[in-house]
Amino acid sequence: MRIPQDIASLIESDPSIWKALALNPGARLNKWRDALTSMKRGQPLVAKKEFNQSLSARKLADAKAPYFALRNELEAVFETIRTAYSHEPIVATEQDLTAISEAYFTQIEVDAERNATELLGNPEAQEAALHNTLEDIAAIQNGHPSTLGAFQQRAKALLAEHSFALSSDTRSTLTSLLMRQALKSERRSLDRYRGDFKPDTTPSTTLVPRPMTHLADRFCLRDTFEQYLGDKRKLRLKSVEYLEAFGKIMKDFLGSDKPIRHITRQDARDFLHMLEHLPPNATKHPEFRHMTAPEASRANEAAGGQTIAPATLNKHFSNFRAFLQFCADEEFAEKNVALGLKAQSANPPNLKKRGPFTDAELSMIFGKTYRESAHVVRKHKNFDPKDFPMYARYWVPLIALFSGMRLQEICQLEVAAIGEQDGIPFLSTDWDIAEETDKLETGRKKHLKNDNSVRRIPIHPELVRLGLLEFHQRRKADGEHYLFPELPARRDGKVSRNVGDWFGKYIRSIGISDRSKVFHSFRYCFRGAMSYAEANPDIIRQVGGWSSKDTADHYASSLALKAAANEVAKVGYEGLDLSHLYVR
């Protein structure tokens, strides 16, 4: 069958509208895109002259019925194309928005009634569903930020789906209507869980189908990335913060207003080239601090400077590919133009894996000036060596050296985390999950790396000699909730950055320049010392929170705790003398 000349000229003269037509979920044009057009590498879109498809028939008589059915279907596609090219974006009326919201919840009501019916005869499940529904109603009524954001994203998607022009007022109105319909739906669910099943109501208004025109041009990088982030809100805050920072790099390079469909394969190659020449920690260097990422990359490439680590480079470009795949899946773009491209560090650093401190380095760290160096007062003007150390910078490295605990695990310790059982003092990383939210309004949130991180760690005798138990008693007497209340919380609720940043600068200042030596090296020191002392391997894994098939109740019993205490007490570091830090 020949392709009509007017259709061919429309597609070739302005392919942007033709591409935008396929954004509508369920649009028939999705099926015909490849059949009606061809695009060679680097060449413009070309409309085919003929449409050829096998009818799977040996005889002409058998071919007639499928031929006419296919012809009618293709003619409908042609008519859709002509209609789209002859219209501008439509502004939705109040009736349209009401119809959209009611139509959207029609299927939701069907599913909700089916789910409620399946719970009949199961009082516990009904009670749980009732409780969840009440929480959802409260979140909608209170305008919880995450709930409001979800409805705003849904409103935006529905407007695009029905080919309406997108404006802040229209989106706001539809968001309100969706929330109103959601409240009605949730209240009907409450009635169902209580045994009152009423017939579903049908939409009071009918949505008039609208042609889609120039829709693809309205999906710019800025708005699309916001929608992408909205789908990622369930990630940990740290991951979301990283994605936001990555999004800024991408928008600085490509431009916030760039339509997604205009991102080409060459753009992806250029973006990769820019990433390959980014300097490490650019915001911490004066020469790059006030530059955008593309500017810093160009300046660093010209200077032949060190570039970001291969792992960081791969992470950046993997996020770029993932974002473009999201655009392709949501039909904002025709395809993922970054597939197949591989990152390669332009100037890979000679990286070493993290390793333990040597005994000589430990002696340098905890030398005669350690107490003063860890003091928090600027330039140590008010430092008195006779004062009892009551600051995190002093205690956190010592605890790490003799317990193998991670930095965040130590910094977030509560006063109640230090306890005693049968005369054995211990540190506990466990807590009541109901108290995960900080009721003291300090912004803190507790973090554990994994399930193995929940454990009781016997306090090493050296920590007792250093005065850790006396430090604990002083905090307790002061009525403090946290062992280190002076540490500020970041956006993600973590409190370890203050100590971590100080420690990194401190060890460089005393001559430990090996970049593989960081705070986490204490953890390697502890594990190596336990292995050297021929401690029980199971106890090594459980005390350090390393993965193990048998967690042995995390030393909940007194016998297990005593066995662990005996093994921990074997830990020692040859040549390390801490007597100058002992409590007198």
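None of the values given here were measured: they were computed from a predicted structure.
Using a distance-only test at 3.5 Å, with no hydrogens or angles considered, a donor-acceptor pair links the side chain of Thr133 to the main chain of Ala129. With Glu295 contributing its side chain and Thr292 its backbone, the two residues share a donor-acceptor pair below 3.5 Å.
Taking CZ of Arg171 as the reference point, atom OG of Ser176 lies at 12.0 Å (rounded to 0.5 Å). Rounded to the nearest 0.5 Å, atoms CE (Met179) and CG (Leu174) are 12.0 Å apart. Note that OG of Ser428 is 9.0 Å distant from CG of Leu413, once rounded to the nearest 0.5 Å. The NZ atom of Lys476 sits 13.5 Å away from the NE2 atom of His481 when rounded to the nearest 0.5 Å. Note that the CG atom of Leu178 and the CG atom of Leu158 stand 6.0 Å from one another [nearest 0.5 Å]. Remark: Thr147 OG1 to Ile137 CD1 distance equals 12.0 Å, nearest 0.5 Å.
A ring-centre distance under 6.0 Å is not found for Phe320 and Phe323. Ring centroids of His316 and Phe271 are separated by 6.0 Å or more, keeping the two rings apart.
The environment of Lys315 atom NZ is sparse: at most 12 non-hydrogen atoms of other residues, nucleotides or ligands sit within 6.0 angstrom. Heavy atoms of other residues, nucleotides or ligands lying less than 6.0 angstrom from CD of Gln266 number more than 12. Residue-environment remark: CD (Glu94) stays at or below the threshold of 12 foreign heavy atoms within 6.0 Å. For CZ of Arg321, the number of neighbouring non-hydrogen atoms (other residues, nucleotides, ligands) closer than 6.0 Å is greater than 12. Atom NE2 of His285 has more than 12 neighbouring heavy atoms from other residues, nucleotides or ligands inside a 6.0 Å radius. Counting non-hydrogen atoms of other residues, nucleotides and ligands closer than 6.0 Å to CZ of Arg222 gives a total above 12.
Leu278 is not listed as a side-chain neighbour of Asn300, based on a closest heavy-atom distance of 4.5 Å or more. Side-chain atoms of Leu427 and Arg456, non-hydrogen and from C-beta on, never get closer than 4.5 Å to each other. Counting heavy atoms from C-beta outward, Ile260 and Cys220 have side chains that stay 4.5 Å or more apart. Contact of the Asn281 side chain with the Phe288 side chain is not registered, since no non-hydrogen atoms from C-beta on lie closer than 4.5 Å. A 4.5 Å side-chain heavy-atom check between Leu148 and Ile140 finds every atom pair outside the cut-off. Leu341 is listed as a side-chain neighbour of Phe317, based on a closest heavy-atom distance under 4.5 Å. The shortest distance between side-chain heavy atoms of Leu339 and Gln325 falls below 4.5 Å.
A side-chain donor-acceptor contact under 3.5 Å links Glu135 and His131. A donor-acceptor pair shorter than 3.5 Å can be found between the side chains of Thr93 and Asp96.
For the pair Asn498 and Arg393, the tightest heavy-atom approach, listed with the atom from each and the gap, is OD1-NE, 3.7 Å. Nearest heavy-atom pair across Phe471 and Leu483 is CZ-O, 3.5 Å. Counting all heavy atoms, side chain and backbone alike, Phe503 lies closest to Pro397 at CD1-CG, 4.3 Å. Scanning both residues, Lys342 and Leu272, for their nearest heavy atoms gives O-CD2, 3.3 Å. Across all non-hydrogen atoms, the minimal contact from Arg406 to His520 is CG-CE1, 4.5 Å.
Aromatic ring pairs are classed by plane angle as parallel below 30°, tilted from 30° to 60° and perpendicular above 60°; the pair Phe225 and Tyr228 is tilted.
Ion pair Lys248/Asp252 flagged as a salt bridge, since at least one NZ, NE, NH1 or NH2 atom sits closer than 4.0 Å to an Asp/Glu carboxylate oxygen. Under a 4.0 Å N-O distance rule, the pair Glu334/Arg265 does not qualify as a salt bridge.
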Query raised in the report: Can Thr264 and Val337 be said to form a side-chain contact (heavy atoms from CB on, under 4.5 Å), step by step?
Result: CA-CA 6 Å; Thr264 64; Val337 296; 5.8 Å; no
**Report entry** Test salt bridge (charged side-chain N to carboxylate O under 4.0 Å, His left out) applied to Glu276 and Arg298, step by step
**Finding:** CA-CA 10 Å; Glu276 289 172 342; Arg298 287 193 294 270; over 6 Å; no
